[in-house]
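The structure under discussion appears below in the form of C-alpha cells.
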Amino acid sequence: MSNVFALVPARGGSKGILQKNIVAVGDHPLLAYTIKAAQDSGVIDVTYVSSDDDQILSVAHYYGAERLKRDPHLARDETPIDPVVAEFIHRLKLTGKDIIILLLPTSPLRTATHIREALAEFHDFPTCHSLISVREINNQLMKAYVGGGEFLQPLAGAHSSYLRRQDLPSLYMPNNAITIFKVDDFLREEKIPRTHEIPYLMSEHDSLDVDTPADLLLAKQRLAHLVESK
C-alpha cells in the first residue's frame, strides 16, 4: 500500500527577502500557509518540512509538520531540488509506490482544494510520470522570432508567426505550487521525472510565487482580501 507524503523544502538563506520562508504574511509566517493547505487537504498522510535552519524547523513543528534537518550542503543558493528530494526519500526509506507531493512554501494562495484536485488528476492518469501545476499564458508568444543569427527564425516553426491567435496552441507556464510523482519514477535517475508530465491548471491569481518584496506585498493583500470575504 502506498503512502502520500508532502515535502516542503524551506532552506534558511534568502537574498531577496530576509528569512523569506518564515516572514510574516498577515497573521502567520509564509511557511504556515503551505503546511495548513497540506493538512487540510485530507489526502496527505504526513507533511514534512526539509530545512537546514533551526528557526524554520521550529516554526514547522509549531504548525504541526514533521521536521527533516537538511544537510547544509543541500541548502546553497545553487542547489537544485533533485538532491533535496533524494535525501528525503533515502532518509525516510520510502517505498517505490509511495507518492510525493512537492509543495514550495512560496505559494501561499495554493489551497487544500488545489492539492486534492491535483492528486485526483494524478491518479486519473496512471501512465503519467509526474504532474505539475501551471498557469495559462498569452499564446501570442508563439508568434515570436529567435534572433542571434543572420536571419530571424520563427520560435514555433515555419509560418507560426502568421497564424491567427485562435489557431495557436495554448501555452502554460509552471507556477511552482505543486509537483506530484511516485518514488520509483524519481529513483530511475534520481530526478523528478520530466517526461510524461500532465498539467494541473491554476488561475493567475492563485499562482502567485513569492520571490520579491513586491510579491510579498501582493500576497499580504490577496490573503487579507480572502479573509475579509469570508
Side-chain angles (χ1 to χ4, degrees), residues 3-41 44-94 98-112 114-115 132-133 174-181 183 186 190-192 206-220 222-224:
N3 293 305
V4 179
F5 295 88
L7 173 60
V8 185
R11 70 184 185 89
S14 177
K15 292 181 178 179
I17 303 171
L18 184 64
Q19 282 290 69
K20 175 175 66 176
N21 289 317
I22 53 173
V23 69
V25 184
D27 295 332
H28 303 283
L30 182 61
L31 173 63
Y33 293 94
T34 291
I35 295 174
K36 187 176 188 306
Q39 293 169 336
D40 290 350
S41 71
I44 292 170
D45 294 300
V46 191
T47 298
Y48 275 87
V49 172
S50 164
S51 183
D52 61 311
D53 186 283
D54 289 334
Q55 189 176 1
I56 290 175
L57 292 173
S58 294
V59 171
H61 179 66
Y62 178 83
Y63 283 94
E66 297 295 326
R67 297 162 291 175
L68 183 70
K69 185 64 178 288
R70 192 188 306 181
D71 187 322
H73 293 95
L74 299 178
R76 298 170 176 167
D77 287 342
E78 68 276 9
T79 302
I81 193 63
D82 293 320
V84 176
V85 175
E87 180 191 46
F88 175 68
I89 289 172
H90 294 305
R91 290 266 297 274
L92 268 68
K93 297 181 171 57
L94 303 189
D98 287 336
I99 294 171
I100 294 176
I101 303 181
L102 185 66
L103 303 170
L104 298 193
T106 50
S107 298
L109 297 173
R110 175 239 297 110
T111 66
H114 291 133
I115 295 171
I132 59 171
S133 57
N175 65 6
N176 300 319
I178 304 172
T179 304
I180 305 177
F181 50 91
V183 168
F186 178 91
E190 295 269 328
K191 293 180 180 179
I192 296 172
D206 294 341
S207 293
L208 178 64
D209 185 17
V210 176
D211 187 50
T212 67
D215 297 330
L216 184 61
L217 178 60
L218 189 56
K220 291 178 180 179
R222 290 182 178 177
L223 287 166

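All figures in this text were calculated on a predicted structure; none of them were measured in a lab.
With respect to Arg222 and Asp206, no salt bridge is recorded, no charged nitrogen being found less than 4.0 Å from a carboxylate O.
By the 4.5 Å heavy-atom criterion applied to side chains, His90 and Glu190 are counted as neighbours. Taking the side chain as every heavy atom from C-beta outward, Leu109 and Tyr33 never approach each other to under 4.5 Å. Under the 4.5 Å side-chain criterion, counting only non-hydrogen atoms from C-beta, Ile115 is in contact with Arg110. At least one side-chain heavy atom of Phe5 sits less than 4.5 Å from a side-chain heavy atom of Leu94. The shortest side-chain heavy-atom distance between Ile192 and Ile132 does not fall under the 4.5 Å cut-off. Taking 4.5 Å as the limit, some side-chain heavy atom of Ile56 sits within range of a side-chain heavy atom of Val49. With a 4.5 Å cut-off on side-chain heavy atoms, Thr106 and Asn176 do not count as touching. No side-chain heavy atom of Val25 sits less than 4.5 Å from a side-chain heavy atom of Pro108.
Between Ala177 and Leu103, the shortest heavy-atom contact is O-CD2, 3.6 Å. Heavy atoms only, all atoms of each residue included: Leu104 and Thr34 are closest at O-OG1, 3.5 Å. Closest approach of Glu87 and Lys69 over heavy atoms only: OE2-O, 4.3 Å. The minimum heavy-atom distance linking Leu68 with Leu57 is given by the pair O-CD2, 4.0 Å. For the residue pair Asn21 and Pro105, the shortest heavy atom distance occurs at OD1-CG, 3.2 Å.
The residue from Val8, Ile44, Thr47, Leu7 that alone fulfils the side chain to side chain contact (heavy atoms under 4.5 Å, CB included) condition with Ile101 is Ile44. The salt bridge (charged side-chain N to carboxylate O under 4.0 Å, His left out) test with Arg11 is passed by exactly one of Asp71, Asp53, Asp52, Asp77: Asp77.
Within the model, atoms CD of Gln19 and CD1 of Ile17 stand 11.5 Å from one another, a figure rounded to the nearest 0.5 Å. In this structure, CG in Asp40 is found 11.5 Å from CD1 in Ile35, a value given to the nearest 0.5 Å. The distance from the CD1 atom of Ile180 to the OG atom of Ser133 is 8.5 Å, given to the nearest 0.5 Å. Put simply, CG on Asp54 and CZ on Arg67 are 9.5 Å apart, with the number rounded to the nearest 0.5 Å.
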Assess the residue pair Ile89 and Phe186 against the criterion (side chain to side chain contact (heavy atoms under 4.5 Å, CB included)); give the C-alpha distance rounded to whole Å, side-chain angles, the decisive distance to 0.1 Å, and a yes or no.
CA-CA 9 Å; Ile89 289 172; Phe186 178 91; 3.5 Å; yes
